[in-house]
Amino acid sequence: MPKRDEQIEALYSHHYDDLLRRACILLHDEEDARDAVGDVIARLMATDILPDEEKLLAYVRSSVRFECLNRLKRMKLQERMRRALPLDDEAIEAHSEEEEQYREYQQFIQTELTPQTRRVFQMHYQEQLKYREIAEQVGISEAAVYKHLSQAITKLKNRFKS
């Protein structure tokens, strides 16, 4: 058995428990920790060049640490993707229902509100303008802005009681 293989085998047999413990501390999952340590040892066996014998353990400890950190990054990314892209049918249906309800609101606003009330409503809720700003742009009083918004909200409440 070449010296290189003997070094790796000795490292594995003498320090596996320590490497596994370090990986478990970072990953909080023994199975993932075993995989991480195993991957590091496998890559070490596949490489042609090893660090000096004195530096080998420090190199492997660092490699295990970085492997664990990379696994944590991948887990966080996967979790963010799961939250961003709902995969279950209920979440998709709920999202579809919300979209349908939004379309109904928009349709109602376009067809059932007067042009002036619709314009004031959109300026306030979509453009987030204040009553004074709307009054100046439309050429009406602030009281009229309030009246138009009140009418729009009343009509929406009456139509979409839930």
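All residue numbers refer to positions in the sequence shown, counting from 1. Just so it is clear, the structure is predicted and the values come from calculations on it, not from any experiment.
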Does any non-hydrogen side-chain atom of [Y] lie less than 4.5 Å from one of [X]?
X    : Y    : result
L50  : Y59  : no
H148 : V138 : no
Q137 : M123 : yes
Y12  : V60  : no
R43  : E67  : yes
Q122 : I109 : yes
L19  : V40  : no
R65  : R22  : no

Inset, instruction - Using a strict 4.0 Å threshold on nitrogen-to-oxygen distance, state whether R34 and E31 make a salt bridge. - result: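 Salt bridge between R34 and E31, a charged N being under 4.0 Å from a carboxylate O: no.
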
Inset, instruction - Determine, for D39 against R71, whether the closest basic-nitrogen to carboxylate-oxygen distance falls under 4.0 angstrom. - result: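 Yes, charged N to carboxylate O under 4.0 Å.
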
Membership question, hydrophobic clusters at under 4.5 Å side-chain separation (ILVMFWY): are [Y] and [X] in the same one?
X    : Y    : result
L27  : I25  : no
V145 : Y125 : yes
L44  : V64  : yes
I41  : F66  : no

Legend entry - Check: Y146 main-chain N/O paired with S150 side-chain donor or acceptor under 3.5 Å: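 No; judged by distance alone, with no hydrogens or angles, the pair does not exist.
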
Legend entry - H15 (side chain) donor-acceptor with L11 (main chain) under 3.5 angstrom: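 Pair absent, no side-chain N/O of H15 close to backbone of L11.
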
Atom pair [atom1] ([X]) and [atom2] ([Y]), whose distance is rounded to the nearest 0.5 Å:
X    : Y    : atom1 : atom2 : answer
Q101 : Q106 : CD    : CD    : 12.0 Å
N70  : M75  : CG    : CE    : 10.5 Å
R119 : T114 : CZ    : OG1   : 12.0 Å
E136 : I134 : CD    : CD1   : 10.5 Å
E133 : H124 : CD    : NE2   : 10.5 Å

Inset, instruction - Check the surroundings of atom CZ in F108: do more than 12 heavy atoms from other residues, nucleotides or ligands lie under 6.0 Å from it? - result: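 Correct, the count exceeds 12.
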
Inset, instruction - I would like to know whether D18 and R61 meet side chain to side chain contact (heavy atoms under 4.5 Å, CB included); could you show each step before the answer? - result: CA-CA 9 Å; D18 176 56; R61 283 181 176 160; 3.1 Å; yes

Legend entry - A135 versus S141, closest heavy-atom pair with distance: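 Answer, listing the atom of A135 first, then S141: CB-C, 3.9 Å.
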
Legend entry - Shortest non-hydrogen separation from L156 to F121 and the atoms involved: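 Nearest heavy atoms, L156 then F121: CD1-CZ, 3.5 Å.
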
Legend entry - Verdict with reasoning, Y102 to E98, per side-chain hydrogen bond (donor to acceptor under 3.5 Å, both in side chains): CA-CA 6 Å; Y102 178 77; E98 289 172 1; over 6 Å; no

Inset, instruction - Take Q107 and Q110 through the test side chain to side chain contact (heavy atoms under 4.5 Å, CB included) and record every step on the way to the result. - result: CA-CA 5 Å; Q107 179 67 27; Q110 294 300 317; 5.5 Å; no

